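Every heavy atom of this structure was used, including side-chain atoms; hydrogens, water molecules and symmetry mates were not. If you're wondering where the values come from, they're calculated on a predicted model, not measured in any experiment.
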Amino acid sequence: MFERRAYMLDVSRDRVPTQETLEWLVEVLAELGFNELQLYVEHTFAYSGHREVWEGASPLTAEELRWLDRVCQARGIDLVGNMNCFGHMERWLAHERYRGLAECPDGAPALFGPGTMRPGCLAPTAQNAAFGVALARELGGAVRSSRIHIGGDEPFELGEGVSAPDVAARGRETVYIEHLTRIIEPLVGDGYQVMFWADQFRRDPSLLDRIPDGAVPVVWNYEAPSEGGWEAMLPPDLRDRLVLPEDPHLGFQSHARLFIEAGMPFWVAPGTGSWNTFIGRNLNAAANIADAAAIGGAHESPGFLLTDWGDNGHFQPLSVSLPSMVRGGAAATGEPVDDDALVAERIDEVLGCERGVGALIDRLGRIGEELGMVSPNSSPIFTPLFASGIPGFGEPDPEGFARGMETLAEANERFSRTISGPRGAVIAAEMKSACRFAELGLRRLGAKHGLGIDAPVAGEIDEAAQAQRAAWLLSSRPGGLDDSISKLIR
């Protein structure tokens, strides 16, 4: 059993849950054996003095976090602040007031293909470190916990703008860890245990000795171990910018290798696999979760953090993540559930609904993985409807497409009716909307590959978007809805 069994929900990629949904989530987590909740915020916390960043995003306020902290405390769960203050600052740097803080104020080369991506990384300056510390203190001050997660992952532009001369002279890794230290040390001085994402520590063992006392590396990896090969599908420059290890297909064994060899404590962070999918990626998620628990357990990791991201507009509802939440909670408590029937039964219990709903939700989350294609960090049925993301590789399996269409038809019929349980109407509407998008993505993909499947016709995606709007507002705030819908390719 892991001492800390945490679940992290991304509330920054447009979808901010209502208070009712957050209260329900806390009850689910308590039932599944979690003892910690982290809400990942970028621009969706109402920081004082920064209204232009969060205005219109339906942000969480300090008062709401204090309320949620009390709800969590009553169920034996710690609420921990989770944020970013280095990379992933696009929502801040989009505003003229903050643009001058960027490493590349005019943008940097896009990760996927030609073009430029908008500024997202703060320059590693003393001014920006103080800025990050101030944000962390305000977020951390809204909850009881003496721990805080400051992010620090994926500073893609580092060394390509303001810091280019310094990086050229002293090395990217040195500049990175020095800036991270400028943020961590004042917070440790405040009495915090400071968590940070460890993706920049996959290659250079010399960095480990420079991690400040009081800091906790969190090793994340969202792909299940495999026989190898998927990383070769990525362009070499992208693999370098992602700072991937040489053998990422080995899973947590490779991502945590430096910490393992140094005997240094670290957390493991697998994923629900729900983002960039509409309806889940449950086969990969199950193996990813099991891998995290095995490696973390073998090396006495103090914490297990199940991450639930919202890349590209957070189209998936929380119910899509339930199979992974069941598996993650069980693995973290040292009692993994390998029987899919038991997972399905547990979902039905959590929802308080009739038997069969959990099995259908879990089965839906396998459609994209049974098409004969490989799609890291996404589903091949998701990317056909979006301009960003990693597309599926490989030749499609016509029989897999046919099975997928049959399962989606079954789900459409099932979720056209309200299911039982206190959130039955919400679950049904959200799942029906997610399945509609999955069907459109599957059809567009099948038509592209000449499988005799009709592509979506004019108006179908707009109709699905309207259904998504209605379902979204049943559980989430309106702030990011328009931005989320705008990401669709009509």
For [X] and [Y], which heavy atoms make the closest approach, and how far apart are they?
| X | Y | answer |
| --- | --- | --- |
| Pro380 | Leu371 | CG-CD1, 4.1 Å |
| Asp348 | Gly356 | OD2-N, 3.1 Å |
| Ala428 | Thr418 | CB-CA, 4.1 Å |
| Phe252 | Val219 | CE2-O, 3.2 Å |
| Phe304 | Pro270 | CZ-CG, 3.6 Å |

Hey, are [Y] and [X] close enough side-chain-wise for a donor-acceptor pair under 3.5 Å?
| X | Y | value |
| --- | --- | --- |
| Glu154 | His88 | yes |
| Ser274 | Ser321 | yes |
| Gln38 | Glu36 | yes |
| Asn84 | Asp153 | yes |
| Gln316 | Thr277 | no |

Closer than 3.5 angstrom, by distance alone: can the side chain of [X] be matched with the main-chain N or O of [Y] as a donor-acceptor pair?
| X | Y | result |
| --- | --- | --- |
| Thr333 | Gly329 | yes |
| Ser58 | Gly479 | yes |
| Asn35 | Arg5 | yes |
| Arg182 | Ala129 | no |
| His95 | Glu52 | yes |
| Thr272 | Ser324 | no |
| Asp308 | Met8 | no |
| Thr18 | Ser475 | yes |
| Asp10 | Ser12 | yes |
| Asn276 | Asn377 | yes |

Problem - Residues in ring pair (Phe, Tyr, Trp, His ring centres under 6.0 Å) contact with Tyr40, at least two apart in sequence or another chain - result: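 Trp309.
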Practice task
Would you check, one step at a time, whether the test side chain to side chain contact (heavy atoms under 4.5 Å, CB included) holds for Asn82 with Val41?
Solution key: CA-CA 6 Å; Asn82 187 313; Val41 299; over 6 Å; no
Problem - side chain to side chain contact (heavy atoms under 4.5 Å, CB included) assessment of Phe45 paired with Val11 - result: CA-CA 9 Å; Phe45 176 66; Val11 297; over 6 Å; no
Hey, are [X] and [Y] close enough for a salt bridge, meaning a charged N less than 4.0 Å from a carboxylate O?
| X | Y | result |
| --- | --- | --- |
| Glu439 | Arg436 | yes |
| Asp69 | Arg144 | yes |
| Asp483 | Arg91 | yes |

So, do [X] and [Y] sit near enough that their side-chain heavy atoms are less than 4.5 Å apart?
| X | Y | answer |
| --- | --- | --- |
| Leu385 | Ile489 | no |
| Asp78 | Leu37 | no |
| Leu408 | Leu364 | yes |
| Ser48 | Glu138 | yes |
| Arg327 | Asp362 | yes |
| Pro119 | Pro105 | no |
| Pro248 | His255 | yes |
| Arg469 | Ile485 | yes |

Handout entry: Results of salt bridge (charged side-chain N to carboxylate O under 4.0 Å, His left out) for Glu413 - residues two or more places apart only
Key =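 For Glu413, the residues satisfying salt bridge (charged side-chain N to carboxylate O under 4.0 Å, His left out) (neighbours in sequence not counted) are Arg417.
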Problem - Partner of Tyr47 under ring pair (Phe, Tyr, Trp, His ring centres under 6.0 Å), chosen from Tyr98, Trp54, Trp92 - result: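 Exactly one pass, corresponding to Trp92.
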Handout entry: Criterion ring pair (Phe, Tyr, Trp, His ring centres under 6.0 Å) against Trp275, the qualifying member of Phe386, Phe382, Tyr222
Key =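 When Phe386, Phe382, Tyr222 are each tested with Trp275, the ring pair (Phe, Tyr, Trp, His ring centres under 6.0 Å) holds only for Tyr222.
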Handout entry: Partner set under side-chain contact (heavy atoms from CB on, under 4.5 Å) for Arg346, not counting sequence neighbours
Key =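 With sequence neighbours excluded, Arg346 shows a side-chain contact (heavy atoms from CB on, under 4.5 Å) to Glu31, Leu32, Val326, Glu349, Val350, given in chain and number order.
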Problem - Contacts of type side-chain contact (heavy atoms from CB on, under 4.5 Å), residue Ser319, not counting sequence neighbours - result: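 For Ser319 the side-chain contact (heavy atoms from CB on, under 4.5 Å) partners, ignoring immediate neighbours, are Pro317, Leu322, Ile427, Glu430, Met431.
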Roughly how far apart are [X] [atom1] and [Y] [atom2], rounded to 0.5 Å?
| X | Y | atom1 | atom2 | answer |
| --- | --- | --- | --- | --- |
| Asn282 | Arg366 | CG | CZ | 6.5 Å |
| Glu406 | Ile367 | CD | CD1 | 10.5 Å |
| Met89 | Glu157 | CE | CD | 12.0 Å |
| Leu68 | Cys72 | CG | SG | 4.0 Å |
| Asn412 | Met405 | CG | CE | 10.5 Å |
| Arg423 | Ile419 | CZ | CD1 | 10.5 Å |

Problem - ring-ring contact (aromatic ring centres under 6.0 Å, His included): pairs with one or both residues in residues 415-437, sequence neighbours excluded - result: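 Sorted result for residues 415-437: Phe278-Phe437, Phe315-Phe437.
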Problem - Pi-cation contact, Trp267 with Arg147 (under 6.0 Å, within 45°) - result: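 Because its charged atom misses either the 6.0 Å distance or the 45° angle limit, Arg147 does not stack over Trp267.
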Practice task
Test His50 against His43 for side chain to side chain contact (heavy atoms under 4.5 Å, CB included), laying out the working first.
Solution key: CA-CA 9 Å; His50 300 289; His43 69 300; over 6 Å; no
Exercise for the section: Name all residues meeting the side chain to side chain donor-acceptor pair (under 3.5 Å) criterion together with Arg281; count only those two or more places apart in sequence or in a different chain, and write none if there are none. Expected result: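 Glu223.
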Handout entry: Matching residue for Lys487 among Asp14, Asp311, Asn312 - test: side-chain hydrogen bond (donor to acceptor under 3.5 Å, both in side chains)
Key =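 Testing each of Asp14, Asp311, Asn312 against Lys487, the sole residue satisfying side-chain hydrogen bond (donor to acceptor under 3.5 Å, both in side chains) is Asp14.
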Practice task
Kindly say whether the aromatic ring centers of Phe196 and Phe201 come within a distance under 6.0 Å.
Solution key: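 Phe196 vs Phe201: aromatic centres under 6.0 Å.
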Exercise for the section: Take Leu187 and Ile150 through the side chain to side chain contact (heavy atoms under 4.5 Å, CB included) test and state the conclusion after the steps. Expected result: CA-CA 10 Å; Leu187 296 173; Ile150 63 164; 3.7 Å; yes
